[in-house]
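Okay, structure first, notes after.
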Protein chains: 2
Amino acid sequence: MTKKERILSVALYRFAHEGYNAVSTASIAKEAEVSEGLIFKHFKSKQGLLDTLREELESKMAAKVQPVMEAATAAEALHLVFDLLLNVDPVDFNYWRLQYQLKLNEAYEGHRSAQLYLDRLSWALQESGFPEPEMEAQLLFEIVDSALKRIVFEELPEKEKYIEFLRKKYAP
Amino acid sequence: MTKKERILSVALYRFAHEGYNAVSTASIAKEAEVSEGLIFKHFKSKQGLLDTLREELESKMAAKVQPVMEAATAAEALHLVFDLLLNVDPVDFNYWRLQYQLKLNEAYEGHRSAQLYLDRLSWALQESGFPEPEMEAQLLFEIVDSALKRIVFEELPEKEKYIEFLRKKYAP
DNA sequence: GTCTATACCCCGATAGAC
DNA sequence: GTCTATCGGGGTATAGAC
């Protein structure tokens, strides 16, 4: 693990747990066992460090959603939505936590790709015979999002049971 | 409006929109058109200012939930859950936004009262014939919470339509 | 790439006058 | 209750040596 990677790793953990503004570059440097100056050589600014993490986050997000977008049938797409929840890698928890931190404070542009995902859900639900697919897609999106949030914040002890309970409602 | 109230009002807005750590006492004082020292005379510290807002938030929350807790029948309780969403006062939006800011960063004790609310939902859903009332209560809680979030962050344009869509599922 | 030293500003908080 | 003045510390960022 290079020093650059150590910085990113510590910053990800701290930003995800405490929030961007609550974490100083000095404390990141100390925990990563590098000099504070090195952070600025590599990332220009504290914001630049966050931007790098955000890019990593976005590519991870795209990869995560891809199976649902490419499923052959509506039933398969709906099934994969819940697999996505079952298969969240604990190694990535901090990326999703960071996402929830960023989403809160305005001007976060997850909207573009979210719309494509919503459209996909809407299509799958319509194919599956739901009478109000757009409304239902919004709801499903919120349900899955809140479940992911509870998983990565370790607030969902009966994860498997809860996910299967959800799956029964949409992909029986 | 007293100066003390002006400070609280500005602090609420800024904390709710930008997050506690991103807002300085100097900028609050400037916007409220008071001296910075006055903030510390009234609230001891920046944290004390937040604590005052948190107390106001908690009493508002208790008042909001009360009708559901005191409903005579299960059907009425479920019906009131959605009324709660329909009747959110725009004047209070910033209090709920603040709540979502606070919930994110660790050690937030909304858990005690949340459990009573969850138990109440669970009871109402069991009475209404849902086969897995505990799971269903968790889900309903998340659905209502995410809808409230979208409302106060002004991300739910078709509010009434969405709420009635939800209501049909639980209190037909 | 990496460290040390340092600039410089802004932050939270206090003291004291009115 | 309210303001002005001020402090000490910690924040981001840069310069320059190695």
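Letters go in sequence order (proteins before strands), and every chain restarts at 1. Values below: every heavy atom of this structure, side chains too, minus hydrogens, waters and symmetry copies.
- Under the salt bridge (charged side-chain N to carboxylate O under 4.0 Å, His left out) criterion, B:R167 pairs with B:D83, B:E164, sequence neighbours left out.
- Put simply, NE2 on A:H42 is 8 Å from C1' on C:dT2, counting in whole angstrom units.
- By the 6.0 Å contact criterion, CD on A:Q126 is open, its count of non-hydrogen atoms from other residues, nucleotides or ligands being 12 or less.
- Separating the NZ atom of A:K30 from the C1' atom of D:dT12 is a distance of 18 Å, rounded to the nearest angstrom.
- If you measure from atom CG of B:L38 to atom P of D:dC3, you get 6 Å, rounded to the nearest angstrom.
- The nearest pair of heavy atoms linking A:Q101 to A:A16 is NE2-O, 3.0 Å.
- Using a 4.0 Å cutoff on non-hydrogen atoms, the parts of residues 20-29 of chain A near DNA chain D are A:V23, A:S24, A:T25, ordered by number.
- B:E33 places its CD atom 10 Å from the P atom of D:dC3, with the value rounded to the nearest Å.
- In this structure, the CZ atom of A:F15 is 12 Å from the C1' atom of D:dT12, given to the nearest Å.
- The separation between B:R14 atom CZ and C:dG12 atom P is 11 Å, rounded to whole Å.
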Going by atom type alone, with no hydrogens or angles, which donor-acceptor pairs under 3.5 Å involve a side-chain atom of residues 36-43 of chain A and a protein atom two or more places apart or on another chain?
{"from": "A:E36", "atom 1": "OE2", "to": "A:T25", "atom 2": "OG1", "distance (Å)": "2.7"}
{"from": "A:E36", "atom 1": "OE2", "to": "A:A26", "atom 2": "N", "distance (Å)": "3.4"}

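- Applying the side chain to side chain contact (heavy atoms under 4.5 Å, CB included) test to B:A11 and every residue at least two apart in sequence or in another chain returns B:F15, B:I28, B:L49, B:L53.
- With sequence neighbours left out, the salt bridge (charged side-chain N to carboxylate O under 4.0 Å, His left out) criterion links A:E31 to A:R14.
- Residues that satisfy the salt bridge (charged side-chain N to carboxylate O under 4.0 Å, His left out) test with B:K30, not counting sequence neighbours, are absent from this structure.
- The stretch residues 45-53 of chain A touches DNA chain D through A:S45, A:K46, each having a heavy atom under 4.0 angstrom from the strand.
- Partners of A:K60 under the salt bridge (charged side-chain N to carboxylate O under 4.0 Å, His left out) rule, at least two apart in sequence or in another chain, are A:D92.
- Partners of A:K161 under the side chain to side chain contact (heavy atoms under 4.5 Å, CB included) rule, at least two apart in sequence or in another chain, are A:E158, B:M135.
- Here side chain to side chain donor-acceptor pair (under 3.5 Å) pairs that include residues 128-146 of chain A, with residues two or more places apart or in two chains, are A:Y100-A:D145, A:K103-A:D145, A:E132-B:K168, A:E136-B:K169, A:Q138-B:R150.
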Between protein and nucleotides 14-18 of chain D, what N or O pairs are separated by less than 3.5 Å?
{"from": "D:dG16", "atom 1": "O6", "to": "A:K41", "atom 2": "NZ", "distance (Å)": "3.4"}

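- Applying the ring pair (Phe, Tyr, Trp, His ring centres under 6.0 Å) test to every pair with at least one member in residues 152-172 of chain B, sequence neighbours left out, gives these pairs: B:F130-B:Y170.
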